[in-house]
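Please read the structure below before turning to the comments.
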Amino acid sequence: MRELDASVHDSLREMHGYMRLAREWDLRFEKMFRTGALSKWYSSVGNEATTVAAACAIEAGDSLLTLHRDSGAILRHYLDIHEILPGLVPQTSSGRKSVGGDSRQRFLRLACQMLGRKHGFSAGHERSYHYNLIEEQHGLIHIGMISHLGSMIPVAAGTAFAFQQQGNHQVALNFIGEGATSTGDFHEALNIASVWKLPFILVIENNRWAFSTPTSQQYACQQLADRGQGYGIPGVQVDGNDPEAVFTVMSSAVDRARSGEGPTLIEAMLGRHRGHSEADDSLDLVPADEQDGYSSQDPLDLVEKKLVDRSTLSVSDLAEIRNRCASLVMVLVDEAMSMPQPDPDLPRRIHAD
Amino acid sequence: MRELDASVHDSLREMHGYMRLAREWDLRFEKMFRTGALSKWYSSVGNEATTVAAACAIEAGDSLLTLHRDSGAILRHYLDIHEILPGLVPQTSSGRKSVGGDSRQRFLRLACQMLGRKHGFSAGHERSYHYNLIEEQHGLIHIGMISHLGSMIPVAAGTAFAFQQQGNHQVALNFIGEGATSTGDFHEALNIASVWKLPFILVIENNRWAFSTPTSQQYACQQLADRGQGYGIPGVQVDGNDPEAVFTVMSSAVDRARSGEGPTLIEAMLGRHRGHSEADDSLDLVPADEQDGYSSQDPLDLVEKKLVDRSTLSVSDLAEIRNRCASLVMVLVDEAMSMPQPDPDLPRRIHAD
Amino acid sequence: MPTESSTDQSEILYIDAISDALRDEMRADPSVVLMGQDIADHGGAFKITRGFLDEFGDQRIRNTPIAESGTIGIATGAAMLGTKPVIEMQFADFISCGFNQLVNVAAKMFWRTEHPVPMVIRLPGGGGMGAGAFHSQNIEAWFLHTPGLKVVTPSFSGDAYRLLRAAIRDPNPVLYFEHKFLYRRERSAIDKNTTPDRIEAESNVLRSGTDITVISWGWMTHRTLEAASTLAEEGIEIEVIDLPVLCPLDITTILESVERTSRVAIIHEATSTGGFGAEIAAQICQDAIWTLDAPVLRITYPDSPPPYHKDLEATRIPSAERICSELRQLKQQ
Amino acid sequence: MPTESSTDQSEILYIDAISDALRDEMRADPSVVLMGQDIADHGGAFKITRGFLDEFGDQRIRNTPIAESGTIGIATGAAMLGTKPVIEMQFADFISCGFNQLVNVAAKMFWRTEHPVPMVIRLPGGGGMGAGAFHSQNIEAWFLHTPGLKVVTPSFSGDAYRLLRAAIRDPNPVLYFEHKFLYRRERSAIDKNTTPDRIEAESNVLRSGTDITVISWGWMTHRTLEAASTLAEEGIEIEVIDLPVLCPLDITTILESVERTSRVAIIHEATSTGGFGAEIAAQICQDAIWTLDAPVLRITYPDSPPPYHKDLEATRIPSAERICSELRQLKQQ
Ligand SMILES: Cc1ncc(C[n+]2csc(CCOP(=O)(O)OP(=O)(O)O)c2C)c(N)n1
Ligand SMILES: Cc1ncc(C[n+]2csc(CCOP(=O)(O)OP(=O)(O)O)c2C)c(N)n1
Ligand SMILES: [Mg+2]
Ligand SMILES: [Mg+2]
C-alpha cells in the first residue's frame with residue numbers, strides 16, 4: 001500500500017487547495033442558479049474530500065469517469081494548481097504529477113461547458129458534466145456521464161479493459177451515487193470486472209439520499225461495501241469526509257488494480273448538504289437534525305480545522321486561499337459568460353467519418 | 001423452522017417418487033430427441049433432488065416460476081402422485097397437500113406442450129417450458145420462462161409483491177441457473193425484494209456450467225450464496241443432490257417469507273449430467289473426472305441408496321417404482337403424440353379484450 | 001397541489017388531469033398500486049402524486065430503488081395476479097433500462113400464454129425545455145414496432161384524464177406518453193363522467209379543413225393548431241387530426257380525411273427515420289394513394305439526439321413557422 | 001471448421017464467410033477483440049469462432065458472463081480507447097437486455113462528444129427454424145429509429161464477408177444482422193480483396209425488371225429471387241433490389257428503379273407496423289409518388305411474436321408463393 005506522501009502536511013494542503021477550488025466553483029454556480037443565470041445545478045458541495053482525494057490517487061494516463069457531483073475530481077484531474085494559482089500550495093506537496101497542457105484554458109472551457117457556450121467541450125450540445133475531455137498527448141482521459149444512472153459503470157470498466165488489453169498499467173476510476181447501486185449495470189459491470197480482473201475502482205459517494213429516496217428505501221444490506229464479497233473483490237467503507245482516509249483506501253485499490261489483481265469497491269460515506277438539484281425541494285425531506293449532523297461534518301471545515309490544528313496553515317492563510325480560489329472562479333466564469341453562444345446552424349454529425 | 005415430516009421415511013419416499021417420475025420423463029424425451037422425434041431438449045437430469053424438494057416446501061396458492069431444468073418442480077406442483085400412480089408412495093407421507101384438479105389431464109397436456117401439440121398449454125405457440133398454467137380454483141400458479149435469462153426473477157418477485165399487496169401469506173418460488181446470476185435482473189429483483197421484504201425465494205441451480213462456460217468465467221466470488229449479504233438477506237448454500245437438505249433449507253426460507261421477513265437466496269450445488277441441450281457438444285468441455293464426480297453423485301442414485309440403507313424400500317421396490325413411472329410417462333407421451341397438431345389458421349390475439 | 005375538487009367539465013391543467021385520473025382510479029379500484037422513483041413523500045419529480053402517500057399509504061404508493069428493469073418485471077408479475085400497477089418513469093428516456101422486460105416479458109405475455117398483463121407505464125417525455133439528450137426523447141416508435149403493447153399520447157387535459165383511467169382498466173400493458181411541455185401550458189375541459197374501460201383506436205378531428213390533412217400527437221398537435229389558424233388567415237384550410245392513441249391506430253378517420261383533402265402531412269417530434277410518421281405514410285400510400293394530389297409530407301425532428309442548448313433545440317423541434325411554411329409548399333404542389 | 005484456405009473468389013457458406021471475415025480482420029488488426037457468451041473453447045453457439053481461442057488466445061477471445069448490458073458497456077468504453085470490440089450476441093433477441101447501453105451510450109456518444117465508438121455487434125437473427133418467440137425475432141427497425149448506429153443485413157456470403165470487415169473498420173457502432181437460416185443454406189462467391197473500411201449506403205440490383213421493383217434484405221431477398229424467377233416464367237419482370245446496408249440507406253437506387261418500374265413492393269421478415277418497410281414506403285411516397293402506377297405494397301410478418309410450431313411459423317413468414325401472388329395482384333392494379 002502506498003503511504004501518504006512523506007510530507008503529509010503538504011499533501012493535505014494540496015488536497016485542501018483543490019477542495020477549496022471545487023467548493024468555490026460550486027458556490028459560484030449555485031449563486032448563478034439562484035439569480036436565474038442558470039436553469040439547473042447539481043451541487044458537489046460536501047463531496048470534495050472524496051472526489052479530490054480519489055483523483056489524487058490516480059495518475060496521468062488513467063481514466064476518470066464522473067457523475068454530477070464530482071467537480072473535485074475533475075478539477076484535480078484537469079488542472080495544475082501551481083500553474084493557475086501559483087504559490088497557493090507548496091510545490092513539493094504532490095504525490096501525483098499534474099497532466100500537461102494549458103490548465104487555465106481547460107478551466108475556462110469547463111466554465112463554458114457548464115454555461116452551454118460554444119467553447120464548452122460539447123459546444124452547447126450537452127449539458128454540464130455530460131461531455132468527454134480526452135487529450136491523449138497529456139494522458140488526460142475523462143469521460144463524462146449520461147443521465148441514465150449506472151450506465152457509465154460498464155463503460156468505465158471498459159476503459160480498464162482497454163488498458164488491460166494494451167498491457168499498460170493504467171487504471172479506471174469511476175464515481176457513482178449510492179442510488180445507482182440498485183441498477184443492473186452496477187452488478188453486471190462489477191461481476192465482469194472481477195472475473196476479468198480489470199484494473200477498475202468504483203467509488204460510491206453514499207450521501208444517504210437519492211433525490212428524495214433514503215437509503216432505507218434503496219437497499220437493505222448493512223453497508224454497500226458488503227457487496228464486494230458477492231463479487232470476490234474488496235469492499236471497503238471509508239469516511240468520505242476525510243481526504244486522508246479516502247486517499248489511503250484509494251491508493252491500495254490503485255495498487256491492487258495496477259498489479260493485476262482486479263477491481264475494488266469503495267463506499268465513501270458522505271453528508272447530504274444540498275437538495276438533489278438546486279431546483280427542487282428534496283432537501284426538505286432530510287430531517288433537521290440529520291442535516292445538522294452533515295453540516296457539522298462538512299469536509300472543508302474538517303480539513304481546514306485539521307490544517308489549523310496541525311499548525312500547517314493559519315486562519316488567515318485559509319481566508320487568503322479561499323479568496324484566491326473564489327476570485328479565479330469568478331474571473332473565469334465571467335469570462336465564460338461573455339463567450340459566444342453556440343451557433344444553431346452549425347451542423348453536427350451523427351456518424352464519425 | 002419446520003421439521004421434516006414426522007414420518008421422515010415416508011417423506012423421502014414421496015420425494016423419491018416425484019424424482020423418479022421426473023427422471024423417467026426426461027429420459028423419455030431424451031430418447032425422442034435422439035430418434036429425431038423432437039428437435040431440441042434441455043434435460044433436467046440431475047436437478048431432481050433440488051427441484052422436487054423445493055416444490056415440496058411450498059403449498060397450493062404459492063407461485064412457482066421455472067426455467068428449463070425444472071420438470072421435477074413442475075411435476076410435484078401439478079400432480080397428485082396418489083391419483084396418477086395409486087399406491088406408489090404411502091398416503092401418509094406428504095408434508096404438502098397436492099393441488100386439486102385432474103392430474104392426469106394436466107400431465108397429458110404437459111406432454112402435448114412439450115411436443116407442440118394443439119392441446120399443449122400454449123397450443124403450439126410456445127416451446128417446451130415457455131408457458132403458464134394458472135388454475136385459480138386449484139391454487140395452481142405456475143409461470144413458465146421466457147428465453148432471456150434472468151428476466152423471470154423480477155416477475156417472480158412481482159408475484160410475491162401481489163401476495164404481499166393482497167395481504168395473504170403466499171410465497172413465490174423461482175429457479176435459475178448459476179449463469180443467470182450475472183444478469184442485471186438478478187440484482188435489481190433481489191435488491192427490491194429485500195427492501196420491500198417480499199415473500200420470495202430464489203433457488204440457484206448451480207450445475208457449475210452455463211452452456212460451455214464454467215463458473216470460473218461466470219463469477220469470482222467464493223460462493224454465490226455470498227451475494228445474500230449484499231442484499232441483507234440470508235444466502236445459503238446447500239447440497240442440491242440431497243432432497244432432505246434442500247427441503248430443510250427451503251422450509252426455513254418459506255417460513256421466513258410467510259412471516260413477512262423477506263426473501264432468501266439459496267444456492268443448490270448440482271452436477272452437470274448432460275450437455276447444455278441435447279443438441280450440442282458442450283458436455284465435451286467438462287473434464288472426464290469432473291463428469292465422473294457428478295455421475296457418482298447422481299441424486300436419484302443417492303436417494304435410492306439412502307432408501308435401501310434405511311430399509312425403507314428394497315431394490316425390487318425401486319425397480320417397480322421405476323417401471324411404473326416409466327410406463328405412465330410412455331403411455332402419456334404416446335397419447336400426446338397421437339394428438340392433433342395446432343391449426344395454423346386459428347387466429348391468436350395479440351391484445352387481451 | 002392538484003385541484004382536489006375539480007368538478008366535471010371544469011378546465012384544468014394537463015398535469016392536474018393526470019394527477020386526478022390517478023387519484024380517482026385509485027379511489028375507485030383498490031387493486032391499483034403506484035410504483036416509481038420518488039413518488040411517495042416527494043410526490044414525484046413533477047409532483048403528480050403529491051399527497052398520494054397520505055391518502056393511499058405506503059403499500060399502494062411505492063418508492064422504488066433506481067431499477068427500471070426490476071420495477072417493470074415486478075409490475076408484470078404483480079399484474080398477472082390481480083394487482084394493477086401503474087409505474088411512473090421519472091423520465092420517458094429511462095425506460096430503455098427496462099426495455100427487455102417490457103418488450104419480451106410484458107408485451108408478449110398475452111400472446112404467448114393468453115394471460116393478461118394489466119399494467120400502465122407513465123412516460124413523461126418530449127422536449128422544449130432545454131433538458132438535453134436524456135430527458136427529452138420521443139421514443140414511441142420503438143414500442144409501436146413491438147406487438148402486444150398499447151400506446152397513448154394525449155395532447156389535451158380531457159384525453160389525458162380519460163385515457164389514463166382507461167389505460168389502467170385496460171387488460172394490456174399500456175404506455176402512456178405524457179408530454180412535459182404541456183404539463184403547465186395546456187389547460188382545458190375534462191369530463192370525469194366518461195371513463196371507458198379500454199384503450200381503443202381513436203382520433204380527434206380538431207378542425208375541419210379542405211386543403212390539407214395534418215396528423216399529429218402530443219405537443220405537436222398544439223403547434224399544428226397554431227399553424228392551422230395562421231394558415232386559415234391566408235385561406236389555407238387545414239384539417240387537423242390529433243391521435244391520442246397510436247396503438248391501436250384509427251386509420252379509418254385518417255383515410256377518410258385524406259380522401260377529402262388529397263393532401264397530407266404528418267408531424268411528430270420524434271426523429272424522422274423509422275418514426276411512426278413513416279408507418280402512417282405507408283398506410284396512406286397503400287390504401288389511399290389515388291386520392292393524393294401531392295406527396296406525403298413528414299415534418300419531424302432531424303435524425304439526432306436532442307441538443308441541450310435551447311437555441312439548438314429550438315431549431316430541431318418543428319415550429320409553427322416551419323409547419324406553416326412546409327404546408328404552404330405542400331398546398332402548392 | 002470454416003474453410004481456412006478459402007481463396008479469393010471461391011464459393012463459401014454464409015456462415016464461413018462470417019467466420020473468415022472475423023479471422024482475417026483479427027489477423028490484420030491486433031486491436032480487434034471478440035466478446036460473447038461461449039465463443040472461446042466452445043466456438044460460439046453456431047461455431048463461428050471455432051479455433052479462434054487457439055489462434056488468438058484468451059485475451060482477444062473473451063467468453064463473457066451472461067450480461068449483455070455489461071458487455072456492451074465494456075465494449076463501448078474499450079472502443080473509446082483504441083480497442084475494437086466485436087460482440088457476438090448468442091441470438092439477436094438478447095440485445096434487448098443491453099438496449100440502453102446501445103441506444104443511449106454507444107449510439108449517442110459520437111454526436112454528444114465527437115469521440116468515435118468503433119464497435120460491432122453481431123446479431124444472429126431471423127426465423128424459419130421453429131425456434132420460437134425469443135430466438136427468431138427481426139428487430140432491426142428499433143435500431144433504425146436510433147440515430148448514431150449503422151445497420152447491416154447481408155443476404156449473401158460475399159456481402160457478409162466484405163461488410164463484416166468494413167463494419168469492424170468503421171468508426172461507428174455497427175449492428176451486423178446475420179440471418180441464421182442462411183448460415184448453411186446460402187453459398188456463393190466471396191472476394192477477399194475488396195475490403196472497404198467504412199459502411200456506406202449500398203444496394204444490390206440483383207435482377208433487372210421492368211414491371212415491379214421489389215426491395216428486401218436478409219433471408220427475404222432469397223425468397224424474393226425465387227418468386228421473381230417464378231414470375232418471370234409468367235412474363236412478369238421483377239427488379240430485385242437487395243439492401244445489405246439499411247443505415248445509411250441507398251434511397252437513390254430505389255427511387256431510380258421505382259421511376260422505371262412504377263410499381264414497388266417491400267418485403268421483410270420483421271413485423272409490419274413500424275417496420276423498416278414503412279420508412280422506405282414513406283420515402284418513396286415523399287420523393288417518387290408521381291411515378292407510381294399502384295399503391296406501395298408491404299409484404300411482412302404479421303404483428304405478432306414468432307410462434308414456435310413450424311407449421312404456425314410457416315404461415316407467418318412471407319413465402320415465395322405468397323410473394324408471387326401478392327406481386328401478381330400488384331401487377332394488375
Ligand atoms: C436509470 C435512471 N433512473 C432514474 C434517474 C433519475 N435520477 C437522476 S439522479 C437520481 C438520484 C440519484 O441518487 P444517487 O445515485 O444517490 O446520487 P446523488 O444525487 O445522491 O449524488 C435519480 C433517481 C436516472 N438519472 N437514471
Ligand atoms: C439474456 C440471455 N443471454 C443469453 C442466453 C443464451 N443462453 C441460454 S441458456 C444459457 C446458459 C445458461 O446457464 P445457466 O444459467 O447456468 O443454466 P443451466 O443451463 O446450466 O441450467 C445461455 C447463455 C439467454 N437465454 N438469455
Ligand atoms: Mg445519493
Ligand atoms: Mg448452469
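Naming: A, B, ... by sequence-line order, numbering from 1 per chain.
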Side-chain donor or acceptor of [X] paired with backbone N/O of [Y] under 3.5 Å:
| X | Y | answer |
| --- | --- | --- |
| C:Lys84 | C:Pro30 | no |
| C:Lys108 | C:Thr146 | no |
| C:Arg60 | C:Met26 | yes |
| C:Arg62 | C:Gln59 | yes |

Select one option (side chain, backbone, both, neither) describing which atoms of [X] are under 4.5 Å from chain C's heavy atoms.
| X | result |
| --- | --- |
| A:Leu285 | side chain |
| A:His276 | neither |
| A:Asp284 | neither |

May I ask you to name which of [options] has the most heavy-atom pairs under 4.5 Å with chain A?
| options | result |
| --- | --- |
| C:Ile66, C:Asn63, C:Thr315, C:Asp303 | C:Ile66 |
| C:Ala131, C:Pro305, C:Ser69 | C:Ala131 |
| C:Lys310, C:Met129, C:Gln37, C:Gln90 | C:Gln90 |

Give me the atom names and distance for the closest heavy-atom approach of [X] to [Y].
| X | Y | result |
| --- | --- | --- |
| C:Thr76 | C:Ala106 | OG1-CB, 3.7 Å |
| A:Arg208 | A:Glu178 | C-OE2, 3.6 Å |
| C:Leu22 | C:Ile48 | CD1-CG2, 3.9 Å |

Polar contact flag, side-chain donor to acceptor under 3.5 angstrom, A:Gln218-A:Ser182: yes
Is there a ring pair (Phe, Tyr, Trp, His ring centres under 6.0 Å) between A:His68 and A:Tyr129 once you walk through the steps?
CA-CA 6 Å; A:His68 50 297; A:Tyr129 294 109; 8.7 Å; no
Check: C:Tyr14 ring centroid to C:Trp219 ring centroid under 6.0 Å | no
When the aromatic ring centroids of C:His42 and A:Phe211 are compared, is their separation below 6.0 Å? yes
Heavy-atom contact with chain A under 4.5 Å, split by part of [X]:
| X | value |
| --- | --- |
| C:Ala45 | both |
| C:Asp93 | both |
| C:Glu68 | neither |

Those residues of residues 332-342 of chain A that come under 4.5 Å of chain C on a heavy-atom basis, listed by number, are A:Gln341, A:Pro342
Pair count under 4.5 Å, heavy atoms only, with chain C: among A:Ile350, A:Asp280, A:Thr181, highest is A:Ile350
